[in-house]
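Here is the structure we will look at, set down as structure tokens.
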Amino acid sequence: MTRRQFAWCLAGLIGLAALLRSVYPTADPPWNPGVGVVWHDEGAWTHNARNRALYGAWVQDEWNPLYIAPVFTVLEYVSFAAFGVGLWQARLVSEVTGLLSVLVLSLGVARLAGREAGLVAGALLGSNYVYAMYNRAATMEASMAAFIVGAWYAYARADARAAWGWIAALCALLAFFTKAAAVFFLLALALDALIAVIRPTTPGSRAAGRATLVGLAVCSMVALAVFVLPHWSEYRFYNWQVSVTRKPSYDLGSVLDRLTWFPVLHDIFTRMWVTTLLAVAALFAMLARAPRLAPAERLLGLWVTIGSLELLAHDVGNERRFVFLVPAVAALAAIVLVRERRLARPELAEVKGRYALLLLVPAGYAMYVLAGSAVRLLAIYQIRPGVRVGAFVTVAALAFIALTWPALAHRLARERWSVMAGLLLAGVLTAGQLAQFIQWAAGRTYKNYAASLELGRRLPPGTLVHGKLANGLSLDSRIRPIFVGRGFGNYEDRRQRDDVRYILTYVAPRIGYEGPVIEEVLEAYPNRTIVMTFDVAETPTGHDRAALIDKFGAGGGSGGR
């Protein structure tokens with residue numbers, strides 16, 4: 001493929017990806033089935049940017065995600081300052097950064113495995129249904145993933161020009177300060193750079209590794225001096241007490257739950273099962289030729305491996321946490337489809353003895369991920385059958401591989417498909433993802449956006465309203481939401497906020513559906529009455545309702561704006 005042909009094909013691909021991210025900008029996130037996007041999180045995570053745009057100051061109350069996601073907050077403020085405060089303006093940040101990640105991943109894979117592979121990677125990522133939906137939501141996942149992709153691309157270019165290692169370090173730090181879950185990539189990048197310095201596999205890898213390590217050190221010190229240390233108490237509270245100690249459990253039972261739930265709890269691996277299979281094949285091909293891997297390709301493997309370990313250690317309960325794996329999975333699948341064109345490398349057939357035993361654990365778990373994400377369809381959203389049947393299929397598959405080794409590996413390494421066959425399969429996979437998007441588009445709703453507009457017509461600008469749903473419905477209503485979290489975010493005085501007259505909460509599927517904390521607020525005001533209700537879309541039924549509640553009843557004597 002010539003450079004000109006590549007440019008035209010990439011332009012068309014980016015146009016398609018842009019369409020998927022920009023069409024129907026105020027539609028509700030998918031709810032039947034969902035992909036883990038919680039609609040009222042959009043207002044909550046853009047809260048400080050909204051404060052700055054409307055009131056001239058970042059901090060207005062005790063809910064300040066600015067200290068968790070400063071980069072995301074600044075990007076949201078730029079959008080609000082340029083285009084006004086609203087839902088589509090809030091989503092614009094994720095749309096743009098998500099689109100850039102598709103472009104950059106394509107360019108990076110093209111450098112690593114050829115232009116055809118770059119186009120395939122871009123097609124798989126740009127059309128990926130779950131990834132596209134997070135690129136349409138005003139949450140941090142899209143921007144974090146985009147900075148990770150940018151860091152990987154810069155690291156790939158650092159092999160030819162070491163100065164790109166500084167850009168890789170900067171992008172990795174920006175990813176971390178977009179969402180702290182990107183800490184795994186900081187570790188992966190630092191580890192790969194260290195390997196490149198100690199055991200270089202390409203002429204420029206040692207210089208690239210040094211530049212990256214120095215860049216990480218310098219950028220980290222600047223971030224500490226400029227942001228972290230001046231706001232240490234807030235930074236520590238939000239990033240440790242709120243995000244770490246409050247959520248995961250580390251007892252043996254909880255760890256085993258995360259290990260077994262990983263492929264069966266959510267739809268993400270099922271929706272891209274063939275792509276995941278190809279990525280697993282790529283990972284084992286890397287293990288077979290580890291001493292000769294280019295740094296950028298090795299970093300893809302570390303991206304998936306360390307990222308998965310972070311999920312298993314911290315939390316697999318929310319589908320949004322898996323989003324950062326999608327670009328790496330797409331890149332690995334493209335490399336297998338176009339460059340390798342086979343499911344195993346010849347070197348894999350030579351693996352035996354102790355090294356084979358060492359590979360048994362990762363091979364077994366990779367097989368479980370593939371098996372669990374497939375058999376869960378037999379009893380979807382029921383965890384126990386997926387775990388048990390997935391484990392049985394995994395054991396059977398491992399037994400078959402052991403009995404047919406190394407003949408099976410030799411056969412898989414020998415059977416290669418053509419480039420055209422790889423491109424056709426990539427086209428089929430892309431079409432399957434597009435079909436999921438078309439299905440969502442055909443049944444899309446606008447309930448949450450309509451509720452925000454209706455709330456704005458009911459309440460004057462600046463009206464104080466309690467609850468997470470107040471944040472969710474604030475972007476187009478101009479109310480002043482008072483977020484209440486469990487142990488944070490205006491929690492301490494939640495029962496004594498008589499200056500806040502109104503509460504927004506679910507009444508269907510049940511009152512206080514968004515969490516038990518709002519029930520405590522409701523209990524503190526027994527004379528409350530429902531002022532009006534709104535149709536919203538959250539659960540798979542799509543028939544949810546939120547209520548605007550007057551704490552003091554009709555004609556109550558307290559309250560404020």
Side-chain angles (χ1 to χ4, degrees), residues 1-23 95-129 131-132 135 145-146 148-161 164 167-168 171 202 204 272 274-275 278-279 281-282 285 293-297 299-300 326-343 415-438:
M1 178 174 286
T2 66
R3 181 176 296 182
R4 183 181 178 85
Q5 290 172 330
F6 174 72
W8 277 108
C9 291
L10 183 58
L13 189 155
I14 294 302
L16 174 62
L19 181 66
L20 297 182
R21 283 149 181 80
S22 61
V23 69
E95 292 168 7
V96 172
T97 56
L99 185 62
L100 288 174
S101 71
V102 176
L103 173 63
V104 172
L105 189 79
S106 297
L107 295 174
V109 174
R111 292 182 65 88
L112 190 64
R115 290 168 181 157
E116 292 87 349
L119 291 175
V120 168
L124 294 178
L125 183 63
S127 65
N128 186 277
Y129 177 70
Y131 193 74
N135 287 178
I148 290 174
V149 172
W152 174 78
Y153 171 74
Y155 189 67
R157 296 206 61 169
D159 210 44
R161 188 175 179 184
W164 280 90
I167 299 176
C171 286
T202 60
M272 56 173 189
V274 176
T275 306
L278 294 168
L293 283 174
E297 189 169 356
L299 182 56
L300 284 174
V326 178
V329 169
L332 291 169
I335 290 171
V336 170
L337 277 173
V338 179
R339 190 189 71 185
E340 297 297 324
R341 306 199 309 279
R342 55 189 168 187
L343 290 177
E415 298 291 338
R416 301 190 74 183
W417 55 81
S418 66
V419 173
M420 184 56 68
L423 294 176
L424 286 174
L425 179 55
V428 171
L429 296 177
T430 300
Q433 295 293 328
L434 292 176
Q436 296 176 50
F437 184 90
I438 292 170

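The first residue of the sequence shown is numbered 1, and numbering continues consecutively from there.
Tested against Val120 for a side chain to side chain contact (heavy atoms under 4.5 Å, CB included), the candidates Leu337, Thr430, Leu425 yield a single pass: Leu337.
Checked against side-chain hydrogen bond (donor to acceptor under 3.5 Å, both in side chains), Ser106 has no partners two or more places apart in sequence or in another chain. In this structure, the side-chain contact (heavy atoms from CB on, under 4.5 Å) partners of Glu116, at least two apart in sequence or on a different chain, are Met1, Val338, Leu423. Listed by chain and number, the residues in a side-chain hydrogen bond (donor to acceptor under 3.5 Å, both in side chains) with Arg342 amount to none (sequence neighbours excluded). Partners of Arg111 under the salt bridge (charged side-chain N to carboxylate O under 4.0 Å, His left out) rule, at least two apart in sequence or in another chain, do not exist in this structure. Among residues two or more places apart in sequence or in another chain, the side-chain contact (heavy atoms from CB on, under 4.5 Å) test is passed with Leu103 by Leu10, Ile14, Leu107.
Leu332 CG to Leu124 CG: the interatomic distance, rounded to the nearest 0.5 Å, is 11.0 Å. Expressed to the nearest 0.5 Å, how far OG of Ser127 lies from CD of Gln436 amounts to 9.0 Å. Here Leu299 contributes atom CG and Leu293 contributes atom CG; the two are 11.5 Å apart, rounded to the nearest 0.5 Å.
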**OP:** Take Leu343 and Leu278 through the side chain to side chain contact (heavy atoms under 4.5 Å, CB included) test and state the conclusion after the steps.
**Re:** CA-CA 7 Å; Leu343 290 177; Leu278 294 168; 4.0 Å; yes
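Nearest approach of Ala121 to Ala331, heavy atoms of both residues: CB-CA, 4.2 Å. When every heavy atom of Gly150 is checked against every heavy atom of Val104, the shortest pair comes out as CA-CG1, 4.1 Å. Minimum heavy-atom separation, Arg115 to Arg3: NH1-N, 3.1 Å. Of all non-hydrogen atoms in Leu99 and Ala17, the two that sit nearest each other are CD1-CB, 3.7 Å. The shortest heavy-atom contact between Tyr131 and Gly98 is CE2-O, 4.4 Å. Smallest separation of non-hydrogen atoms from Ala117 and Ala334: O-CB, 3.4 Å.
For residues 150-160, the pairs satisfying side chain to side chain donor-acceptor pair (under 3.5 Å) are Tyr153-Arg157, Tyr155-Asp192, Asp159-Thr202, with sequence neighbours left out.
In this structure, the side chains of Leu434 and Leu20 come closer than 4.5 Å at one or more pairs of heavy atoms. Residues Asn128 and Val329 have side chains not in contact (no heavy-atom distance under 4.5 Å, counting atoms from C-beta outward). Considering only heavy atoms from C-beta on, Leu300 comes within 4.5 Å of Ile335 through its side chain. Side-chain contact between Val96 and Leu100 is present, with at least one heavy-atom pair separated by less than 4.5 Å. In this structure the side chain of Ser101 never reaches within 4.5 angstrom of the side chain of Thr97, judged on heavy atoms. Residues Arg21 and Val102 meet the side-chain proximity criterion, which asks for heavy atoms closer than 4.5 Å.
The environment of CZ in Arg161 is sparse: at most 12 heavy-atom neighbours from other residues, nucleotides or ligands sit within 6.0 Å.
Looking only at distances, a side-chain donor or acceptor of Gln5 sits under 3.5 Å from a matching main-chain atom of Thr2. The closest donor-acceptor contact from the side chain of Arg341 to the backbone of Trp417 lies under 3.5 Å.
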